Structure formats: C-alpha cells, structure tokens
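Not measured: the values here are computed from a predicted model. Note that the numbering runs from 1 along the sequence shown for the chain.
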Amino acid sequence: MRGSAVAGAAAAAVCALTVAVAVAAPPAGGTTGHLAVRPAARADAVAADCTDPEAGLRPQTVDGPAVQRIKDRGRLIAGVDQNSYRWGYRDPASRELNGFDIDLVHAIAKALLGDPDKVSFLAIPTNQRIPAVQKGKVDIIVRTMTISCDRIKQVAFSTAYFETGQQLLAPKGSPITAYDDSLRGKTVCAAKGSTAEGQLKKDSHGASVLTVPNQLDCLVRLQLGQVDAVLTDSALAAGQAAQDPSVRLVGKPFTTESYGVAMNLKDEDLVRRVNAVLEDYRRGGDGSPWMTAYRKWLAADLKGITAPPEPKYRD
C-alpha cells in the first residue's frame with residue numbers, strides 16, 4: 001500500500017459500497033410513449049446504420065409525458081457515480097456529491113423544475129447504468145457514460161457533453177509504456193460494463209483482465225499491487241492520477257469517445273428537453289456554464305480544452 005493515498009481511496013471504495021443514497025420512488029407503470037414509431041424500433045433502425053452514434057434528437061422545450069412525470073413528482077431522479085474524483089464523488093468533509101457530472105445534473109433539474117436542488121441522486125455501478133434506465137429506477141444517468149452503437153440500441157442519449165478516449169493508468173516506473181505488447185503477461189483492470197472492458201475483450205495484448213463493479217475499485221487494486229494497470233477513459237484516469245501521485249497515465253488515448261446523458265428509449269421528449277439544456281449549458285463562450293464547470297473540476301488535470309464538443313443532430 002502507498003500510505004494515505006491508498007487509505008483514502010480504499011475508504012472511498014468502502015463508502016461507495018456502503019452509503020445508501022435516498023431516492024424518490026418512480027411512479028408505477030412507467031411512461032406511455034406517444035411516438036408514431038416505437039422507440040425500440042427507432043433505436044434499432046438508427047443502430048443498424050451506426051456511423052455517428054453521437055448524433056441526437058434536436059432540442060425542444062415542449063413538455064411531453066416524461067417531463068410531465070418528473071414535474072408531477074417534483075424531483076428529478078439521477079443516476080450518478082459517487083467515487084469518480086472530479087466527475088461524481090462524495091466530498092469526505094461535507095458528504096455532498098460534487099463534480100462535473102453533478103453540476104450538469106443540477107442544471108437539468110433547474111431547467112425542468114426551477115430549482116437545481118430538486119434532485120434525488122442514486123449511486124449506480126458502471127454495469128448497472130443501462131438496467132437502471134430501462135427499469136425506470138432513474139430518469140437520467142449522468143455518469144461518464146460513453147455513447148456507442150451498441151448502447152443506443154438499449155438507451156437513448158443526449159448529444160455529447162464531453163469527449164475523451166481510452167488510456168492506461170500504471171504505477172510510475174512500470175515497464176508498461178502504452179496499450180501495446182508491453183501488456184503481455186500483465187494484469188489489467190477495467191470496470192465491468194465499461195467500454196474499456198469491451199476494448200480488452202477485442203484485444204488484450206496478451207494481458208489477463210480483471211473486472212470490478214466501479215472505476216475506483218480498479219485504482220485500489222492497482223495500489224494494492226493486485227493488477228499492473230487500469231484501462232479507462234483518459235478523463236477518469238486523470239482524476240485517479242490526481243488522487244494518487246504514485247500512478248500516471250501512460251501512452252496516448254487511442255480511441256475517441258463522447259459522454260452523453262442516458263435516458264429511457266420511450267422518453268423522447270425528455271431527450272429533446274435535455275438537449276435544449278445542453279444548448280444553453282454550452283452557450284456563452286469562455287463564460288458558459290460548461291467552461292465554468294470545466295475550469296472548476298477538470299482543468300487542473302485535463303489541460304488545453306477551450307470549448308465543449310459541438311452537438312450533432314440526426315433529425
């Protein structure tokens with residue numbers, strides 16, 4: 001173990017397993033779709049010709065059944081992480097959830113309900129993000145979730161609110177140099193259900209693969225010497241390196257991935273409404289809410305970003 005950094009991360013991991021986050025119960029029966037084309041059929045059609053999964057539905061501010069459901073309840077139910085430093089994590093002093101993703105949730109709640117604090121947060125493991133949306137446990141997932149051709153068959157996404165790529169995290173002095181054959185004979189950790197796990201299934205470069213429920217669990221395994229490297233998004237890896245100065249990012253990001261807000265396929269009106277929120281969140285240049293959140297949470301570890309990703313639309 002590496003002193004206080006290990007203890008802090010381990011404590012955070014225990015916290016992630018033991019802290020219960022109170023949420024309002026979703027209404028019985030779910031939401032009745034109002035589309036001429038079934039959402040699942042629409043998603044299958046889009047995914048069948050998936051050349052640009054980040055292309056979303058154009059923004060609208062008209063309340064449909066999903067938005068009305070949230071308004072009738074009086075609270076937004078958001079699935080988030082509580083142990084990804086800088087993105088969604090529980091501050092050990094205040095016990096409050098903080099981070100880039102958390103700020104975005106508050107912005108969505110304010111737009112829908114007029115109050116950024118009308119949110120019930122639910123901590124969701126990486127591999128439970130899609131089931132939580134499909135089963136109606138949450139209205140939205142804002143949890144560093146990559147938009148992909150496979151996932152758009154299962155959930156609906158907003159337009160992209162952040163761009164990143166897969167990158168390795170390893171101890172300083174490690175012989176691992178990049179996502180290449182320097183991994184042969186090593187053990188690499190990835191969160192179950194993540195795009196990193198999918199990448200390692202395609203090509204592990206001769207490494208053994210260990211999967212865990214959450215990203216922070218990988219950092220703890222790395223600190224304990226149980227794995228040799230972690231594969232995750234560079235945005236998350238930078239936060240983990242900030243938590244523990246004995247580890248570093250190695251190689252360069254070798255994919256391009258976009259984070260989106262995930263919602264139920266039936267909730268097309270909510271998708272369009274969230275995209276309207278994102279339009280406002282990006283607007284304003286250097287003084288936009290997006291850039292303000294970037295400087296507050298990410299700029300120290302992810303330098304050089306000058307603007308949010310441009311939205312793409314398919315309709």
Side-chain angles (χ1 to χ4, degrees), residues 23-47 50 52-80 101 104-122 124 129-143 145 147-148 151-161 258-283 289-290 308-309 311-315:
V23 299
T31 301
T32 301
H34 65 290
L35 305 176
V37 179
R38 288 186 301 110
R42 185 191 301 270
D44 288 343
V46 172
C50 186
D52 198 358
E54 296 84 12
L57 300 173
R58 290 197 176 274
Q60 290 181 2
T61 56
V62 177
D63 291 355
V67 173
Q68 192 59 53
R69 177 190 74 219
I70 294 166
K71 289 188 172 183
D72 290 345
R73 185 196 304 130
R75 298 191 74 79
L76 175 70
I77 302 177
V80 298
D101 281 349
L104 179 54
V105 172
H106 285 301
I108 295 170
K110 183 177 181 180
L112 296 182
L113 299 166
D115 185 341
D117 294 323
K118 286 188 174 180
V119 182
S120 294
F121 290 104
L122 179 61
I124 303 291
R129 292 176 298 187
I130 289 174
V133 171
Q134 292 177 326
K135 294 175 182 178
K137 291 183 178 180
V138 296
D139 300 308
I140 60 174
I141 291 279
V142 187
R143 195 190 181 287
M145 188 168 179
I147 305 167
S148 71
R151 287 173 176 170
I152 63 174
K153 301 174 187 177
Q154 304 172 78
V155 296
F157 280 100
S158 71
T159 53
Y161 69 85
S258 299
Y259 294 158
V261 179
M263 291 155 278
N264 194 289
L265 288 171
K266 296 184 296 182
D267 292 347
E268 182 175 302
D269 64 301
L270 180 59
V271 177
R272 294 186 184 276
R273 189 63 179 272
V274 169
N275 281 342
V277 175
L278 286 171
E279 286 282 345
D280 290 337
Y281 204 67
R282 301 183 191 101
R283 187 176 292 121
W290 192 98
K312 300 176 183 178
Y313 298 110
R314 66 174 185 262
D315 64 349

Leu270 and Leu112: CA distance, side-chain angles, deciding distance, side chain to side chain contact (heavy atoms under 4.5 Å, CB included) verdict: CA-CA 10 Å; Leu270 180 59; Leu112 296 182; 4.1 Å; yes
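- Among the candidates Leu122, Ile140, Val119, Val105, the single residue satisfying the side-chain contact (heavy atoms from CB on, under 4.5 Å) test with Val80 is Val105.
- For the pair Pro53 and Ile147, the tightest heavy-atom approach, listed with the atom from each and the gap, is O-CG2, 3.3 Å.
- Side chains of Val277 and Lys110 form no contact here, defined as non-hydrogen atoms less than 4.5 Å apart.
- How far CD of Gln134 is from NZ of Lys266: 10.5 Å, rounded to the nearest 0.5 Å.
- Proximity of Asp139 to Arg73: side-chain heavy atoms (C-beta onward) are separated by under 4.5 Å at one or more points.
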Audit row: Leu76, Lys118, side chain to side chain contact (heavy atoms under 4.5 Å, CB included) steps and yes/no: CA-CA 6 Å; Leu76 175 70; Lys118 286 188 174 180; over 6 Å; no
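- When all heavy atoms of Tyr313 and Ala55 are compared, the pair lying nearest together is C-CB, 4.1 Å.
- Using a 4.0 Å cut-off between charged nitrogen and carboxylate oxygen, Asp315 and Arg272 count as a salt-bridge pair.
- Rounding to the nearest 0.5 Å places NZ of Lys137 at 12.0 Å from CD1 of Ile77.
- Closest non-hydrogen pair, Val138 versus Ala78, comes out as CG1-C, 4.2 Å.
- Taking the charged nitrogens against the carboxylate oxygens, Arg69 and Asp72 have no contact shorter than 4.0 Å, which rules out a salt bridge.
- Asn264 contributes a side-chain N or O that, together with a main-chain N or O of Val133, makes up a donor-acceptor pair within less than 3.5 Å.
- Classified by interplanar angle (parallel below 30°, tilted 30° to 60°, perpendicular above 60°), the ring pair Tyr161/Tyr259 is tilted.
- Side-chain contact between Ile152 and Cys50: present, with at least one pair of heavy atoms (C-beta onward) separated by less than 4.5 Å.
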field: Check against side chain to side chain contact (heavy atoms under 4.5 Å, CB included), Arg282 and Thr159
entry: CA-CA 11 Å; Arg282 301 183 191 101; Thr159 53; 2.7 Å; yes
- prompt: Yes or no on side chain to side chain contact (heavy atoms under 4.5 Å, CB included) for Arg151 and Ile130, after CA distance, side-chain angles and deciding distance?
  reply: CA-CA 8 Å; Arg151 287 173 176 170; Ile130 289 174; 3.9 Å; yes
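- Within the 4.5 Å cutoff, side-chain heavy atoms of Trp290 are placed close to those of Pro309.
- Minimum heavy-atom separation, Ala262 to Met145: CB-SD, 3.8 Å.
- Taking CD from Gln60 and CD from Glu268, the interatomic distance works out to 7.5 Å, rounded to the nearest 0.5 Å.
- Rounding to the nearest 0.5 Å places CG of Asp63 at 5.0 Å from CZ of Arg273.
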